[in-house]
Colleague: 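Sharing a structure, written as C-alpha coordinates. Questions coming.
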Number of protein chains: 2
Amino acid sequence: MRTCAGLPAPEALARIAETLRLLAHPQRLHLIGLLNRVAAAPVHALGAALDAPQAVTSQHLNLMRRAGLVAAERRGKEVWYSLADRRALKVLKCVCNQGGTR
Amino acid sequence: MRTCAGLPAPEALARIAETLRLLAHPQRLHLIGLLNRVAAAPVHALGAALDAPQAVTSQHLNLMRRAGLVAAERRGKEVWYSLADRRALKVLKCVCNQGGTR
DNA sequence: TTAAAATATTGACTTATTTTAATACTATGA
DNA sequence: TCATAGTATTAAAATAAGTCAATATTTTAA
(Lines give C-alpha, C1' and ligand atoms only; values in the text may rest on other atoms or scores of the structure.)
Protein backbone atom coordinates (compact mmCIF):
# COMPACT_ATOMS: atom_id res chain seq x y z
CA MET A 1 0.00 0.00 0.00
CA ARG A 2 1.61 3.13 -1.23
CA THR A 3 1.05 6.00 1.12
CA CYS A 4 1.68 9.55 0.13
CA ALA A 5 5.29 9.88 1.25
CA GLY A 6 6.81 13.23 0.43
CA LEU A 7 4.81 15.99 -1.17
CA PRO A 8 3.16 15.09 -4.45
CA ALA A 9 4.73 16.75 -7.48
CA PRO A 10 2.91 19.70 -9.05
CA GLU A 11 1.33 17.58 -11.79
CA ALA A 12 0.23 15.06 -9.18
CA LEU A 13 -1.31 17.82 -7.08
CA ALA A 14 -3.23 19.00 -10.12
CA ARG A 15 -4.58 15.50 -10.78
CA ILE A 16 -5.54 15.01 -7.16
CA ALA A 17 -7.25 18.39 -7.07
CA GLU A 18 -9.18 17.47 -10.19
CA THR A 19 -10.40 14.25 -8.61
CA LEU A 20 -11.45 16.08 -5.47
CA ARG A 21 -13.21 18.72 -7.52
CA LEU A 22 -15.35 16.03 -9.11
CA LEU A 23 -16.28 14.68 -5.71
CA ALA A 24 -16.96 18.14 -4.31
CA HIS A 25 -20.62 18.23 -5.26
CA PRO A 26 -23.51 17.04 -3.08
CA GLN A 27 -25.26 15.12 -5.84
CA ARG A 28 -22.10 13.46 -7.07
CA LEU A 29 -21.21 12.47 -3.52
CA HIS A 30 -24.71 11.08 -3.17
CA LEU A 31 -24.22 9.05 -6.33
CA ILE A 32 -20.97 7.61 -4.99
CA GLY A 33 -22.72 6.63 -1.78
CA LEU A 34 -25.59 5.05 -3.65
CA LEU A 35 -23.31 3.08 -5.95
CA ASN A 36 -21.47 1.78 -2.96
CA ARG A 37 -24.70 0.35 -1.59
CA VAL A 38 -26.23 -1.10 -4.69
CA ALA A 39 -23.06 -2.01 -6.62
CA ALA A 40 -24.65 -0.99 -9.90
CA ALA A 41 -27.75 0.84 -11.08
CA PRO A 42 -29.22 2.42 -14.21
CA VAL A 43 -29.32 6.19 -14.63
CA HIS A 44 -33.06 6.53 -14.10
CA ALA A 45 -32.91 4.71 -10.76
CA LEU A 46 -30.05 6.88 -9.56
CA GLY A 47 -31.81 10.01 -10.74
CA ALA A 48 -34.95 8.99 -8.86
CA ALA A 49 -32.94 8.48 -5.67
CA LEU A 50 -31.39 11.90 -6.10
CA ASP A 51 -34.67 13.48 -7.12
CA ALA A 52 -32.76 15.13 -9.95
CA PRO A 53 -33.66 15.62 -13.62
CA GLN A 54 -32.48 12.97 -16.02
CA ALA A 55 -30.04 15.25 -17.80
CA VAL A 56 -28.44 16.35 -14.55
CA THR A 57 -27.95 12.81 -13.34
CA SER A 58 -26.51 11.80 -16.67
CA GLN A 59 -24.14 14.75 -16.68
CA HIS A 60 -22.84 14.05 -13.21
CA LEU A 61 -22.29 10.40 -14.03
CA ASN A 62 -20.55 11.25 -17.27
CA LEU A 63 -18.20 13.68 -15.58
CA MET A 64 -17.19 11.00 -13.12
CA ARG A 65 -16.98 8.34 -15.79
CA ARG A 66 -14.55 10.38 -17.90
CA ALA A 67 -12.36 10.73 -14.84
CA GLY A 68 -12.53 7.00 -14.17
CA LEU A 69 -14.38 7.33 -10.90
CA VAL A 70 -17.32 5.29 -12.10
CA ALA A 71 -17.82 2.81 -14.93
CA ALA A 72 -20.73 2.47 -17.33
CA GLU A 73 -22.09 -0.64 -18.99
CA ARG A 74 -25.03 -0.75 -21.33
CA ARG A 75 -27.68 -3.38 -20.62
CA GLY A 76 -30.35 -3.08 -23.25
CA LYS A 77 -31.83 0.36 -23.13
CA GLU A 78 -30.31 1.10 -19.79
CA VAL A 79 -26.79 2.06 -18.85
CA TRP A 80 -25.73 0.69 -15.51
CA TYR A 81 -23.15 2.58 -13.51
CA SER A 82 -20.83 1.28 -10.83
CA LEU A 83 -17.87 2.48 -8.79
CA ALA A 84 -14.58 2.21 -10.63
CA ASP A 85 -12.15 3.94 -8.31
CA ARG A 86 -12.06 2.93 -4.69
CA ARG A 87 -10.54 6.29 -3.79
CA ALA A 88 -13.92 7.92 -4.34
CA LEU A 89 -15.48 5.92 -1.55
CA LYS A 90 -12.45 6.25 0.68
CA VAL A 91 -12.60 10.01 0.38
CA LEU A 92 -16.28 10.06 1.18
CA LYS A 93 -15.75 7.85 4.19
CA CYS A 94 -12.85 9.71 5.69
CA VAL A 95 -14.31 13.16 5.15
CA CYS A 96 -17.71 12.36 6.59
CA ASN A 97 -16.35 11.62 10.03
CA GLN A 98 -16.34 14.75 12.12
CA GLY A 99 -13.21 16.82 11.87
CA GLY A 100 -12.01 17.92 15.26
CA THR A 101 -8.88 19.76 16.22
CA ARG A 102 -6.20 17.52 14.77
CA MET B 1 -13.98 5.26 15.01
CA ARG B 2 -17.14 6.35 13.40
CA THR B 3 -17.35 5.26 9.81
CA CYS B 4 -19.90 6.68 7.45
CA ALA B 5 -22.71 4.18 7.97
CA GLY B 6 -25.78 4.93 5.90
CA LEU B 7 -25.87 7.75 3.42
CA PRO B 8 -25.16 11.18 4.84
CA ALA B 9 -28.20 13.45 5.02
CA PRO B 10 -28.53 16.20 2.41
CA GLU B 11 -27.13 18.90 4.70
CA ALA B 12 -24.25 16.63 5.60
CA LEU B 13 -23.54 16.00 1.92
CA ALA B 14 -23.45 19.75 1.35
CA ARG B 15 -20.97 20.25 4.17
CA ILE B 16 -18.78 17.41 2.97
CA ALA B 17 -18.85 18.74 -0.57
CA GLU B 18 -17.85 22.17 0.70
CA THR B 19 -14.89 20.70 2.55
CA LEU B 20 -13.81 18.79 -0.53
CA ARG B 21 -14.18 21.87 -2.68
CA LEU B 22 -11.76 23.70 -0.44
CA LEU B 23 -9.25 20.88 -0.80
CA ALA B 24 -9.78 20.67 -4.56
CA HIS B 25 -7.11 23.19 -5.47
CA PRO B 26 -3.46 22.40 -6.15
CA GLN B 27 -2.07 25.21 -4.05
CA ARG B 28 -4.35 24.51 -1.13
CA LEU B 29 -3.46 20.82 -1.27
CA HIS B 30 0.17 21.84 -1.33
CA LEU B 31 -0.38 23.96 1.78
CA ILE B 32 -1.99 21.04 3.58
CA GLY B 33 0.98 18.85 2.70
CA LEU B 34 3.45 21.49 3.82
CA LEU B 35 1.68 22.06 7.11
CA ASN B 36 1.73 18.36 7.76
CA ARG B 37 5.50 18.38 7.43
CA VAL B 38 6.37 21.47 9.34
CA ALA B 39 3.53 21.53 11.87
CA ALA B 40 3.28 25.31 11.67
CA ALA B 41 4.64 28.10 9.51
CA PRO B 42 4.09 31.79 8.81
CA VAL B 43 2.35 32.94 5.65
CA HIS B 44 5.48 34.25 3.94
CA ALA B 45 7.28 30.94 4.35
CA LEU B 46 4.34 29.00 2.94
CA GLY B 47 4.00 31.44 0.08
CA ALA B 48 7.68 31.07 -0.74
CA ALA B 49 7.31 27.27 -0.83
CA LEU B 50 4.36 27.61 -3.16
CA ASP B 51 6.00 30.32 -5.21
CA ALA B 52 2.75 32.22 -4.97
CA PRO B 53 2.05 35.92 -4.34
CA GLN B 54 1.47 36.96 -0.76
CA ALA B 55 -2.17 37.83 -1.31
CA VAL B 56 -2.93 34.50 -2.96
CA THR B 57 -1.33 32.53 -0.15
CA SER B 58 -3.18 34.55 2.43
CA GLN B 59 -6.46 34.07 0.62
CA HIS B 60 -6.07 30.31 0.38
CA LEU B 61 -5.16 30.05 4.04
CA ASN B 62 -8.06 32.23 5.06
CA LEU B 63 -10.54 30.15 3.09
CA MET B 64 -9.35 27.04 4.84
CA ARG B 65 -9.22 28.73 8.21
CA ARG B 66 -12.84 29.85 7.99
CA ALA B 67 -13.80 26.25 7.26
CA GLY B 68 -11.76 25.02 10.21
CA LEU B 69 -9.27 23.07 8.12
CA VAL B 70 -6.34 25.08 9.40
CA ALA B 71 -5.77 27.27 12.44
CA ALA B 72 -4.01 30.61 12.67
CA GLU B 73 -2.03 32.03 15.55
CA ARG B 74 -0.31 35.36 15.58
CA ARG B 75 3.28 35.44 16.74
CA GLY B 76 4.50 38.99 16.64
CA LYS B 77 4.25 40.30 13.12
CA GLU B 78 3.71 36.86 11.69
CA VAL B 79 0.69 34.62 11.65
CA TRP B 80 1.54 30.96 11.93
CA TYR B 81 -0.76 28.44 10.38
CA SER B 82 -1.21 24.79 11.29
CA LEU B 83 -3.52 21.91 10.44
CA ALA B 84 -6.73 21.94 12.44
CA ASP B 85 -8.74 19.14 10.85
CA ARG B 86 -7.17 15.76 10.45
CA ARG B 87 -9.61 14.93 7.68
CA ALA B 88 -7.75 17.27 5.34
CA LEU B 89 -4.63 15.17 5.56
CA LYS B 90 -6.56 11.91 5.44
CA VAL B 91 -8.22 13.00 2.22
CA LEU B 92 -4.93 13.99 0.68
CA LYS B 93 -3.39 10.70 1.67
CA CYS B 94 -6.12 8.44 0.44
CA VAL B 95 -6.65 10.25 -2.82
CA CYS B 96 -3.01 10.38 -3.77
CA ASN B 97 -2.69 6.63 -3.98
CA GLN B 98 -3.41 5.44 -7.48
CA GLY B 99 -7.02 4.73 -8.23
CA GLY B 100 -7.44 1.38 -9.92
CA THR B 101 -10.59 -0.50 -10.84
CA ARG B 102 -12.38 -0.76 -7.52
C1' DT C 1 5.14 58.83 16.52
C1' DT C 2 7.09 57.12 12.40
C1' DA C 3 8.71 53.59 9.47
C1' DA C 4 8.82 49.07 7.99
C1' DA C 5 7.47 44.15 7.88
C1' DA C 6 3.84 40.84 7.67
C1' DT C 7 -0.71 39.84 6.77
C1' DA C 8 -5.51 40.78 5.38
C1' DT C 9 -9.05 42.80 2.64
C1' DT C 10 -11.24 44.82 -1.30
C1' DG C 11 -12.97 45.34 -5.93
C1' DA C 12 -12.51 44.60 -10.82
C1' DC C 13 -11.74 41.21 -13.97
C1' DT C 14 -11.43 36.67 -16.02
C1' DT C 15 -12.50 32.04 -16.10
C1' DA C 16 -14.92 27.83 -14.76
C1' DT C 17 -18.94 25.40 -13.12
C1' DT C 18 -23.83 24.56 -12.67
C1' DT C 19 -28.42 24.66 -14.34
C1' DT C 20 -31.97 24.45 -17.62
C1' DA C 21 -34.37 23.28 -21.68
C1' DA C 22 -34.35 21.42 -25.91
C1' DT C 23 -32.97 17.94 -28.90
C1' DA C 24 -30.31 13.92 -30.57
C1' DC C 25 -28.98 9.23 -30.07
C1' DT C 26 -29.62 4.04 -29.17
C1' DA C 27 -31.95 -0.14 -28.34
C1' DT C 28 -36.17 -2.73 -28.02
C1' DG C 29 -40.55 -4.58 -29.24
C1' DA C 30 -44.84 -4.26 -31.89
C1' DT D 1 -40.29 0.46 -39.92
C1' DC D 2 -42.37 3.01 -36.14
C1' DA D 3 -43.08 4.28 -31.53
C1' DT D 4 -41.21 4.43 -27.15
C1' DA D 5 -38.02 4.14 -23.14
C1' DG D 6 -33.64 5.29 -21.57
C1' DT D 7 -29.46 8.15 -22.17
C1' DA D 8 -26.51 11.55 -23.94
C1' DT D 9 -25.34 15.93 -25.86
C1' DT D 10 -25.66 20.75 -26.73
C1' DA D 11 -26.01 25.68 -26.16
C1' DA D 12 -27.36 29.55 -23.47
C1' DA D 13 -28.00 31.71 -19.04
C1' DA D 14 -26.96 32.03 -14.22
C1' DT D 15 -23.82 31.49 -10.59
C1' DA D 16 -19.49 30.71 -8.42
C1' DA D 17 -14.50 30.67 -8.06
C1' DG D 18 -9.85 32.30 -9.02
C1' DT D 19 -6.53 36.01 -10.02
C1' DC D 20 -4.49 40.35 -9.69
C1' DA D 21 -3.29 44.89 -8.10
C1' DA D 22 -3.93 48.15 -4.89
C1' DT D 23 -4.65 49.40 -0.29
C1' DA D 24 -5.69 48.68 4.65
C1' DT D 25 -4.53 46.68 9.10
C1' DT D 26 -1.50 45.06 12.76
C1' DT D 27 2.72 44.73 15.13
C1' DT D 28 7.33 45.86 16.30
C1' DA D 29 11.32 48.66 16.73
C1' DA D 30 13.67 52.92 16.27
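A note on names: the letters A, B, ... follow the listed sequences, proteins ahead of strands, and every chain is numbered from 1.
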Colleague: Measuring to OP1 and OP2 of D:dT7, would you say a side-chain N or O of A:N62 lies under 4.0 angstrom away?
Modeller: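 So the side chain of A:N62 is outside the cut-off, no N or O lying under 4.0 Å from OP1 or OP2 of D:dT7.
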
Colleague: Which heavy atom of B:G68 sits nearest a heavy atom of B:D85, and at what distance?
Modeller: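 Shortest heavy-atom separation between B:G68 and B:D85 comes out as O-CB, 3.5 Å.
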
Colleague: Under 4.0 Å between a side-chain N/O of A:H25 and OP1 or OP2 of C:dT19, yes or no?
Modeller: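 For C:dT19, OP1/OP2 do have a side-chain N/O of A:H25 under 4.0 Å.
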
Colleague: Please report, rounded to the nearest Å, how far the P atom of D:dA16 is from the CG atom of B:L20.
Modeller: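 About 19 Å, once rounded to whole Å.
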
Colleague: What I want to check is whether an N or O donor and acceptor connect the side chain of A:E78 with the base of D:dA5 at under 3.5 Å.
Modeller: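 Answer is no: no donor-acceptor pair is held.
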
Colleague: OP1 or OP2 of D:dT26 versus the side-chain N and O atoms of B:R74: is any pair under 4.0 Å?
Modeller: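 False: B:R74 side-chain N/O out of range (4.0 Å or more) of D:dT26 OP1/OP2.
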
Colleague: Specify the separation, in whole Å, of atom CG of B:L31 and atom P of D:dG18.
Modeller: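 Distance, rounded to whole Å: 13 Å.
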
Colleague: Nearest to the B:Q27 side chain among D:dT7, C:dA6, D:dT19, which nucleotide is it?
Modeller: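 It is D:dT19.
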
Colleague: With a 3.5 Å cut-off and heavy atoms only, can you find an N or O donor on one side and an acceptor on the other between the side chain of B:Q54 and the base of C:dA6?
Modeller: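 When only heavy-atom distances are counted, B:Q54 does not reach the base of C:dA6 through any donor-acceptor pair under 3.5 Å.
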
Colleague: With a 4.0 Å cutoff (strictly under), does any side-chain N or O of B:S58 reach OP1 or OP2 of C:dA8?
Modeller: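 So the side chain of B:S58 is within the cut-off, an N or O lying under 4.0 Å from OP1 or OP2 of C:dA8.
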
Colleague: Answer yes or no: is there an ion pair linking B:R15 with B:E18, defined by an N-O contact shorter than 4.0 Å?
Modeller: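 No, no charged N to carboxylate O under 4.0 Å.
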
Colleague: Could you measure the distance from the CG atom of B:L20 to the CG atom of A:L23? Nearest 0.5 Å is fine.
Modeller: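 The CG atom of B:L20 sits 6.5 Å away from the CG atom of A:L23.
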
Colleague: If you pin B:A45 and A:H60 to their nearest nucleotides in DNA chain C, which one's is more 5'?
Modeller: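 It is B:A45 whose nearest nucleotide is closer to the 5' end.
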
Colleague: Give one of base, sugar-phosphate or nothing for A:P42, where a contact means two heavy atoms less than 4.0 Å apart.
Modeller: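 Counting heavy atoms under 4.0 Å across all strands, the contact made by A:P42 is with sugar-phosphate only.
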
Colleague: Indicate, with a heavy-atom threshold strictly under 4.0 Å, whether B:V56 touches base, sugar-phosphate, or nothing.
Modeller: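 Answer is nothing: B:V56 stays at 4.0 Å or more from every strand.
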
Colleague: Atom CZ of A:R21 and atom P of D:dG18: how far apart are they, to the nearest Å?
Modeller: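 It works out to 11 Å between those atoms.
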
Colleague: Please report, rounded to the nearest Å, how far the P atom of C:dT7 is from the CD atom of B:E73.
Modeller: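 One finds 13 Å between P of C:dT7 and CD of B:E73, rounded.
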
Colleague: Counting only side-chain nitrogens and oxygens, does A:R28 get under 4.0 Å of the OP1 or OP2 atom of C:dT18?
Modeller: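 Yes, because at least one side-chain N or O of A:R28 sits under 4.0 Å from OP1 or OP2 of C:dT18.
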
Colleague: I need the CD-P distance between B:E18 and D:dA17, as an integer number of Å.
Modeller: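 My rounded result for the distance is 7 Å.
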
Colleague: I want to confirm an ordering. Mapping A:A72 and B:G76 to their closest nucleotides on DNA chain D, which one lands closer to the 5' end?
Modeller: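 The residue whose closest nucleotide sits nearer the 5' end is A:A72.
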
Colleague: If I take atom CG in residue A:L63 and atom P in nucleotide C:dT18, what distance separates them, rounded to the nearest angstrom?
Modeller: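 Distance, rounded to whole Å: 7 Å.
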
Colleague: Within this structure, what is the CZ-to-P distance between B:R75 and D:dT28, rounded to whole angstrom?
Modeller: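 Distance check: B:R75 CZ to D:dT28 P gives 14 Å.
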
Colleague: Can you tell me the base-pairing partner of D:dT26? Count Watson-Crick or G-U wobble geometry only, both distances below 3.5 Å, and say none if there is no partner.
Modeller: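 Its partner is C:dA5.
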
Colleague: For a 4.5 angstrom cut-off between non-hydrogen side-chain atoms, does A:L35 reach A:L89?
Modeller: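 They are not in side-chain contact.
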
Colleague: Using a cut-off of strictly less than 4.0 Å, decide whether B:Y81 has a side-chain nitrogen or oxygen near OP1 or OP2 of C:dA8.
Modeller: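 Indeed, a polar side-chain atom of B:Y81 lies that close.
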
Colleague: Check whether the side chain of A:Q59 and the base of C:dT20 form a donor-acceptor pair under 3.5 Å.
Modeller: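 Yes, the side chain and the base share a sub-3.5 Å donor-acceptor pair.
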
Colleague: When rounded to the nearest 0.5 angstrom, what distance separates CG in B:D51 from CD in B:Q27?
Modeller: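 Answer rounded to 0.5 Å: 9.0 Å.
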
Colleague: My understanding is that only one of B:N62, B:L61, B:L63 makes a side-chain contact (heavy atoms from CB on, under 4.5 Å) with B:R65; could you say which?
Modeller: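 The single option meeting the side-chain contact (heavy atoms from CB on, under 4.5 Å) with B:R65 is B:N62.
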
Colleague: Calculate the interatomic distance between A:K77 atom NZ and D:dA5 atom P; express it in whole Å.
Modeller: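 Interatomic distance, NZ of A:K77 to P of D:dA5: 7 Å.
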
